[in-house]
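Please read the structure below before turning to the comments.
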Amino acid sequence: MPDGPLDLGLTLGPLRRGPADPTFRATADGSVWRACRTPAGPGTLRVRAYGGEVFGEAWGPGAGWLLEQLPELLGAGDDPGAFVPRHRVVALARHRRPGLRLTRTGLVLESLIPSVLEQKVTTDEAYRAWRLLVRWFGEPAPGPAGVGERPMWVMPAPRTWALIPSWEWHRAGVDDKRASTILRAVRVAARLEQAVGMPAAEARARLEVVPGVGPWTSAEVVQRSHGAADAVTVGDLHLPGIVGWALDGNRDADDAEMLRLLEPYAGQRHRAARLILLSGRVPARRKPKMPRVDIGLL
């Protein structure tokens, strides 16, 4: 397990796609549950921290893989000590969140598909699409999480994603462009999963070979699959303005300005951006929200 303080919610929170994500659950006892499709098959993981120790349980064919991967998932390969705050707001956020670690799942497709669903739509639309598609075409999570009133689900296998009819994508609110990107990705799923053994930059290059996967999407993936501390997200609607406001009082910052402001954190720019987001220094909204269009109703 990683040395030093560990906040399970902060560390594993980026893996949750909305409050009703059927593959992720945080319970009142402090446990975090994950339902995953691992290289060994479906598996469910429960992690809890108690008395300074971390306990993990797992079920299903993928149980052994999940437990073997658990230290990396909790940030054992992360080095927060390499980060040096250069701004007061960042230093204060780090002081207040000492348990933040960058997770490394060792899985590509489980982050790639929901990231594609989040392209050019509101988060609510993307979360709804992920939730519906996983429930319609996935399988119940192994172990106790897969039963009861609110069962968890394992996302579909690559072949199952490839066989989803066009009208079901439409019913879930996914347009043809995003659906086509996912279909192209699952056809080369094995090659994409091999990217976990590559440095983050090379992994991103492999992901971006898939038409429809650009720098925004590849960064969102390797942040989770690789724990990539420097994979700052460009092309985001809100992040440049948030970083610009927090570091320079410039709410109109674009990607180029954001990258300039993050230059002092080279090698750790994603961690810096996460701390800025956790600082709460977000400019007041002055533009209307992106309109939600449910194509399933068209």
Side-chain angles (χ1 to χ4, degrees), residues 12-27 32-46 58-63 66 105 107-190 192-193 210 212-213 217 220-221 224-225 292-298:
L12 301 182
L15 305 180
R16 185 177 201 165
R17 306 292 181 155
D21 185 347
T23 70
F24 188 104
R25 181 173 299 163
T27 54
V32 174
W33 296 72
R34 266 172 48 79
C36 307
R37 184 166 298 281
T38 78
T44 304
L45 174 70
R46 179 197 183 198
W59 297 263
L66 286 168
T105 66
L107 298 169
V108 170
L109 216 61
E110 74 161 23
S111 292
L112 176 59
I113 291 175
S115 295
V116 172
L117 292 175
E118 291 171 9
Q119 293 175 350
K120 307 298 184 182
V121 297
T122 66
T123 52
D124 286 346
E125 290 174 88
Y127 291 161
R128 174 183 178 272
W130 172 249
R131 181 173 68 249
L132 293 178
L133 291 167
V134 169
R135 287 177 176 170
W136 292 344
F137 300 102
E139 57 190 280
V147 297
E149 294 184 2
R150 292 179 58 237
M152 295 180 67
W153 294 81
V154 175
M155 79 169 196
R159 177 169 172 76
T160 305
W161 284 110
L163 295 176
I164 295 177
S166 60
W167 60 85
E168 296 289 13
W169 290 103
H170 192 270
R171 194 157 68 99
V174 182
D175 58 77
D176 290 344
K177 183 176 181 180
R178 287 178 292 150
S180 296
T181 298
I182 292 171
L183 293 176
R184 286 190 289 264
V186 298
R187 292 186 186 115
V188 292
L192 296 182
E193 293 293 355
V210 178
V213 176
T217 305
E220 290 289 310
V221 173
R224 297 165 173 83
S225 62
R292 175 179 173 179
V293 179
D294 186 353
I295 69 169
L297 299 177
L298 299 178

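All values below come from the heavy atoms of this structure, side chains included, with hydrogens, waters and symmetry mates left out. Residue numbers start at 1 and run along the sequence shown.
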(message) Quick check: do M152 and P144 have side-chain heavy atoms less than 4.5 Å from each other?
(response)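 Contact flag for M152/P144 side chains = no.
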Which residues pass the side-chain hydrogen bond (donor to acceptor under 3.5 Å, both in side chains) test with [X], sequence neighbours left out?
X    : answer
T38  : none
T217 : Q119
R46  : D29, S31, E57
R187 : none

To the nearest 0.5 Å, what is the distance between [atom1] on [X] and [atom2] on [Y]?
X    : Y    : atom1 : atom2 : value
L66  : T105 : CG    : OG1   : 10.5 Å
L117 : L112 : CG    : CG    : 9.5 Å
I182 : L133 : CD1   : CG    : 7.5 Å

(request) May I have all residue pairs that pass salt bridge (Lys or Arg N to Asp or Glu O under 4.0 Å) and include part of residues 152-169, sequence neighbours excluded? (result)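 As it turns out, the salt bridge (Lys or Arg N to Asp or Glu O under 4.0 Å) pairs with a partner in residues 152-169, which skip direct neighbours, are E168-R171.
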(message) Test your reading of the model: is there a side-chain donor-acceptor pair from R25 to the backbone of R150, 3.5 Å cut-off?
(response)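 Checking the backbone N and O of R150 against the side chain of R25, a donor-acceptor pair under 3.5 Å is found.
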(message) Can you pull out every side chain to side chain donor-acceptor pair (under 3.5 Å) where at least one residue sits in residues 139-149? Sequence neighbours excluded, please.
(response) R37-E139
Partners of [X] by side chain to side chain contact (heavy atoms under 4.5 Å, CB included), sequence neighbours excluded?
X    : answer
T23  : D21, W130, V134
R135 : P22, R131, W153
A189 : L109, P158
P142 : P42, T44, W59, V154

(message) Restricting to salt bridge (charged side-chain N to carboxylate O under 4.0 Å, His left out), what partner residues turn up for E220, sequence neighbours left out?
(response) R224
What is the minimum heavy-atom distance between [X] and [Y], and which atoms define it?
X    : Y    : value
R17  : S115 : NH2-OG, 3.5 Å
P61  : A40  : CB-O, 3.5 Å
W161 : L183 : O-CD2, 3.4 Å
V174 : A179 : CG1-N, 3.8 Å
A172 : L132 : CA-CD1, 4.2 Å
G212 : T181 : CA-OG1, 3.6 Å

(request) Starting from the C-alpha separation in whole Å, work towards a yes-or-no answer on side chain to side chain contact (heavy atoms under 4.5 Å, CB included) for L12 and F24. (result) CA-CA 10 Å; L12 301 182; F24 188 104; 4.2 Å; yes
(message) Between the side chains of E125 and R178, is the shortest nitrogen-to-carboxylate-oxygen separation below 4.0 Å, so that they form an ion pair?
(response)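 E125 and R178: not salt-bridged.
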